[in-house]
Amino acid sequence: MMTTEQQTDVPLADVKEPKIWHVALLLSLLTILVEVIFYALESYFGPTESSSSFISTALPCVVAGMYFGQKTERLMSRQTRLLSILLWGAVELIVVAGIMRYFFGLTLAEFTAEFGAVFWWIVAILMPLTLIISYFVFKWGEKMGIKNAVKAREKQLAKQQKSE
């Protein structure tokens, strides 16, 4: 089995690992884009299935993972991936709280008073579960991006060899 360095013919020291905030920012922007697309589709076609919220979480992870996998042609470190996912989760919670405050006039304290401890149980169970799933979906996207980059380079080398 070949190592990543042998597959890419690029010394691993020459490839920079992405910064945590770059990954989290891309994930946040992709999440907003997916949500806007879903909102437009719901406005046009009517309400979508309940699984659309999972898709709006998984799709940005796959796309961002593919982007960074194809760009660097190697998996990022566990720490970078984990911290990026956690930062993205925190940013999304802040964005959701801001939307609730701006559009519905609800603060987090009012929302908690309305739903009580059930709200915190849901957050305590669903948020970590979502972040764990996102971690592995992101890693899967990275692996797909690496495979795509290697295949594209192999095709390009085959074309060059044919032309010579």
Side-chain angles (χ1 to χ4, degrees), residues 1-42 45 47-102 108 111 119-157:
M1 187 164 148
M2 295 189 336
T3 65
T4 306
E5 188 172 346
Q6 292 169 335
Q7 289 174 351
T8 60
D9 296 329
V10 176
L12 292 179
D14 292 347
V15 179
K16 291 184 180 179
E17 185 160 301
K19 291 184 168 68
I20 293 168
W21 68 273
H22 284 162
V23 179
L25 180 63
L26 180 63
L27 284 167
S28 296
L29 293 175
L30 287 171
T31 302
I32 291 169
L33 179 66
V34 169
E35 288 295 332
V36 167
I37 290 170
F38 277 146
Y39 178 75
L41 290 173
E42 284 181 353
F45 293 112
T48 60
E49 297 295 321
S50 61
S51 63
S52 66
S53 62
F54 177 74
I55 293 170
S56 67
T57 302
L59 189 61
C61 289
V62 171
V63 172
M66 285 182 70
Y67 170 74
F68 286 110
Q70 198 162 12
K71 183 179 176 185
T72 62
E73 294 189 16
R74 70 177 205 168
L75 292 174
M76 63 179 68
S77 69
R78 290 182 188 136
Q79 181 181 11
T80 300
R81 189 180 313 110
L82 179 63
L83 291 176
S84 298
I85 296 290
L86 291 175
L87 181 59
W88 169 57
V91 167
E92 290 305 309
L93 284 177
I94 292 169
V95 168
V96 168
I99 289 172
M100 286 175 44
R101 178 71 175 149
Y102 183 76
L108 190 57
F111 196 75
F119 170 72
W120 290 112
W121 278 108
I122 291 171
V123 169
I125 294 170
L126 289 181
M127 193 65 185
L129 181 64
T130 302
L131 293 175
I132 289 169
I133 292 170
S134 298
Y135 176 88
F136 290 108
V137 170
F138 187 90
K139 186 175 181 179
W140 178 70
E142 279 184 291
K143 289 178 180 180
M144 284 179 36
I146 293 167
K147 286 178 186 177
N148 289 342
V150 169
K151 284 181 184 178
R153 192 176 50 257
E154 287 173 355
K155 284 182 182 180
Q156 187 177 21
L157 288 173

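Note that the structure is predicted; figures quoted are calculated from it, not measured.
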Can you give me the closest heavy-atom contact between [X] and [Y], atom names plus distance?
X      : Y      : answer
Ile146 : Gly69  : CG1-O, 3.4 Å
Lys143 : Leu75  : CG-CD2, 3.9 Å
Ala64  : Leu26  : CB-CD2, 3.9 Å
Gln70  : Asn148 : NE2-CB, 4.2 Å
Tyr135 : Leu82  : CE1-N, 3.8 Å

Test side-chain hydrogen bond (donor to acceptor under 3.5 Å, both in side chains) on Thr31 and Trp88 and set out the steps.
-> CA-CA 10 Å; Thr31 302; Trp88 169 57; 3.1 Å; yes

Please name all residues satisfying side chain to side chain donor-acceptor pair (under 3.5 Å) with Tyr67, sequence neighbours left out, ordered by chain then number.
->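 Checked Tyr67 against side chain to side chain donor-acceptor pair (under 3.5 Å); zero matches.
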
Results of side chain to side chain donor-acceptor pair (under 3.5 Å) for Thr80 - residues two or more places apart only =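 In terms of side chain to side chain donor-acceptor pair (under 3.5 Å), with neighbours along the sequence ignored, Thr80 is linked to Glu17, Ser77.
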
Let me confirm one number: the [atom1]-[atom2] distance from [X] to [Y], rounded to the nearest 0.5 Å.
X      : Y      : atom1 : atom2 : result
Leu33  : Leu30  : CG    : CG    : 6.5 Å
Leu131 : Phe136 : CG    : CZ    : 12.0 Å
Ile99  : Ile94  : CD1   : CD1   : 12.5 Å
Trp140 : Met66  : CH2   : CE    : 8.0 Å
Glu35  : Ile55  : CD    : CD1   : 10.5 Å
Glu92  : Thr130 : CD    : OG1   : 11.5 Å

May I have the step-by-step check of side chain to side chain contact (heavy atoms under 4.5 Å, CB included) for Leu87 and Leu25, ending in yes or no?
-> CA-CA 9 Å; Leu87 181 59; Leu25 180 63; over 6 Å; no

Within the side chain of Arg81, is there an N or O that forms a donor-acceptor pair under 3.5 Å with the backbone of Met76?
->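 Between the backbone of Met76 and the side chain of Arg81 there is a qualifying donor-acceptor contact (under 3.5 Å).
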
side-chain contact (heavy atoms from CB on, under 4.5 Å) with Ser134: which of Pro60, Ser84, Cys61?
->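 Per the side-chain contact (heavy atoms from CB on, under 4.5 Å) rule, the option paired with Ser134 is Cys61, out of Pro60, Ser84, Cys61.
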
Is the shortest heavy-atom distance from the side chain of Ile85 to the side chain of Leu27 under 4.5 Å?
->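 Result yes, sub-4.5 Å side-chain heavy-atom pair found.
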
